[in-house]
Novice: 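Pasting a structure below so you can have a look.
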2 protein chains.
Amino acid sequence: MDKTTKLTAAAERLFDRHGYMATGMDRLTAAAGMSSRTLYKHAGSKAQLMARVLTERDRRFMARLEVQSVDALFATLEDWVRVEGMRGCLFLRSRAETGGDTPEIAEAVAMHKAAFHLRIEEVVAVDLGRQDPVLAEQVLILLEGATQAAVYRGAESVSAARAAAAILMERARA
Amino acid sequence: MDKTTKLTAAAERLFDRHGYMATGMDRLTAAAGMSSRTLYKHAGSKAQLMARVLTERDRRFMARLEVQSVDALFATLEDWVRVEGMRGCLFLRSRAETGGDTPEIAEAVAMHKAAFHLRIEEVVAVDLGRQDPVLAEQVLILLEGATQAAVYRGAESVSAARAAAAILMERARA
DNA sequence: TGTAATGTAAAACGTTCGTTTTACATTGAT
DNA sequence: ATCAATGTAAAACGAACGTTTTACATTACA
């Protein structure tokens with residue numbers, strides 16, 4: 001595993017566990033097992049490191065969303081929260097912590113959420129046989145809500161959201 | 001408006017806009033229009049101030065949720081996001097920024113979310129004429145999801161969630 | 001009138017922040 | 001054998017952090 005990969009992975013873990021602002025660069029160097037000189041050569045700055053973490057997470061998350069049904073979206077989310085934990089959406093958290101005032105971060109978040117929304121619209125269209133923007137919006141809300149609720153309600157939130165989505169899909173078909 | 005009230009209101013606004021950790025005490029004193037000596041007499045510490053902001057927000061938010069129907073919950077949320085803005089849930093944001101490691105904050109968040117969940121279960125029971133824990137969980141997810149989605153999708157997320165909840169309620173009645 | 005409370009303005013506390021620099025070691029290709 | 005790249009360890013940078021203190025002004029009540 002090369003230095004940049006190791007750094008990005010360590011940063012993601014610490015940002016997720018302790019928050020972005022609360023995670024200092026010294027903690028990062030210790031966790032990544034490198035000197036601050038090397039860290040800055042690879043990362044550029046803390047903001048750039050945050051943006052890189054988000055871009056990498058977007059890649060990993062979106063790869064999992066290459067499915068053909070709405071139900072599979074929720075199955076994927078169930079796996080995701082089991083593997084990655086339930087501390088809320090790292091994208092919106094980064095935006096909230098920076099007030100949206102750091103361009104590279106705001107951009108990474110906007111990119112991810114646009115792709116996320118588009119993917120849901122596509123999956124709904126495939127599953128339903130036609131486009132339905134309102135239904136897609138509702139599926140998006142259930143996915144966001146399950147992610148958020150899982151923080152304090154646990155992983156069962158995802159299955160409850162999954163069942164709700166099934167009802168909405170069923171009704172849209174009838 | 002007394003000093004403590006003014007301070008709490010200013011803190012809530014700044015924490016919401018810029019994030020908890022990114023908001024320094026000097027910015028707080030300037031916004032509240034008081035010296036740091038007075039601020040610390042009223043607030044105790046930054047963590048205590050954060051907890052006080054949350055407790056006060058809980059009071060204000062929960063007062064609005066004294067309604068008799070699920071649809072009214074979403075009507076309330078529509079008002080709320082119009083008045084208070086759409087930057088996500090300040091409770092979960094505070095927990096995420098502190099990693100859950102600040103007892104007074106973690107406790108304020110846990111209290112609020114427990115009350116929130118209970119209130120939804122009550123409203124669902126009144127509206128439906130019987131208890132339905134799974135449906136209540138789904139309504140909670142739609143409320144959380146609308147709050148979260150509104151950050152990047154706008155206020156229309158709330159009306160989409162409202163419509164979804166109406167479908168779930170209708171089906172539960174049949 | 002005097003005293004206790006409550007406030008302001010501003011300096012100072014020690015710590016930690018993100019970042020850069022200095023000095024030196026290890027490596028790999030020519 | 002050597003040059004350039006890449007790394008470490010650690011000190012240092014100025015700025016900002018949360019918090020306390022010093023010195024002084026205003027108010028309100030006995």
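Just so we're on the same page: letters track the sequence lines, and every chain starts at 1.
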Novice: Go through the steps for R37(B) and K41(B) under the test side-chain contact (heavy atoms from CB on, under 4.5 Å), then give the verdict.
Specialist: CA-CA 6 Å; R37(B) 198 178 200 273; K41(B) 182 160 291 182; 4.2 Å; yes
Novice: Taking the side chain as C-beta and beyond, is there a heavy-atom pair between K113(A) and V151(B) under 4.5 Å?
Specialist: no
Novice: To 10°, what angle do the rotation axes through the five end pairs on each side of the helix from dG2(C)-dC29(D) to dT30(C)-dA1(D) form?
Specialist: 0°
Novice: So what does T23(A) touch, heavy atoms closer than 4.0 Å: a base, only the sugar-phosphate, or nothing?
Specialist: sugar-phosphate
Novice: Check whether any side-chain heavy atom of F61(B) lies under 4.5 Å from a side-chain heavy atom of H112(B), and answer yes or no.
Specialist: yes
Novice: Using whole Å, report how far CZ of R27(B) lies from C1' of dC17(D).
Specialist: 13 Å
Novice: Can you tell whether the side chains of D127(B) and R173(B) come within less than 4.0 Å, N to carboxylate O?
Specialist: yes
Novice: Just the rounded figure in Å: distance from C1' of dT8(C) to NZ of K6(B).
Specialist: 13 Å
Novice: Looking at the base of dT19(D), is there any donor atom on it, or on the side chain of S36(B), that sits under 3.5 Å from an acceptor on the other one?
Specialist: no
Novice: Let me know the distance between CG of D26(B) and P of dA9(C), rounded to the nearest Å.
Specialist: 15 Å
Novice: I need the CD1-C1' distance between I105(A) and dG18(C), as an integer number of Å.
Specialist: 14 Å
Novice: May I ask you to verify if any side-chain N or O of K3(B) is less than 4.0 angstrom from the OP1 or OP2 atom of dA5(C)?
Specialist: no
Novice: Rounded to whole angstroms, how far apart are CG on L14(A) and P on dG18(C)?
Specialist: 12 Å
Novice: From C-beta outward on Y40(A), which listed nucleotide comes closest to its side chain: dG18(C), dT19(D), dA9(D)?
Specialist: dG18(C)
Novice: Return the value, rounded to whole Å, for the distance between atom OH of Y20(A) and atom C1' of dG18(C).
Specialist: 18 Å
Novice: From the set dT20(D), dA9(D), dG7(C), return the single nucleotide nearest to any side-chain atom of R37(A).
Specialist: dA9(D)
Novice: Per the side chain to side chain contact (heavy atoms under 4.5 Å, CB included) rule, which among I141(B), V70(B), L143(B), L142(B) passes with I120(B)?
Specialist: L143(B)
Novice: Find the distance L39(B):CG to dG7(C):C1' and express it as a whole number of Å.
Specialist: 13 Å
Novice: M21(A) has an atom CE; how far is it from atom P of dC17(D), in whole Å?
Specialist: 10 Å
Novice: Base, sugar-phosphate or nothing for G44(B)? Non-hydrogen atoms, less than 4.0 Å.
Specialist: nothing
Novice: Look up atom OG1 in T5(B) and atom CZ in R52(B), then write down how far apart they are to the nearest 0.5 Å.
Specialist: 9.0 Å
Novice: Report yes if some heavy atom in the side chain of L140(B) is under 4.5 Å from a heavy atom in the side chain of E121(B); otherwise report no.
Specialist: no
Novice: Nearest to the side chain of S45(B), heavy atoms from C-beta on, is which of dT20(C), dA9(C), dT19(D)?
Specialist: dT19(D)
Novice: Nearest of dT8(C), dG7(D), dG18(D) to any side-chain atom of M25(B)?
Specialist: dG18(D)
Novice: Nearest heavy atom decides the nucleotide; on that basis, is T38(B) or A22(A) closer to the 5' end of DNA chain C?
Specialist: T38(B)
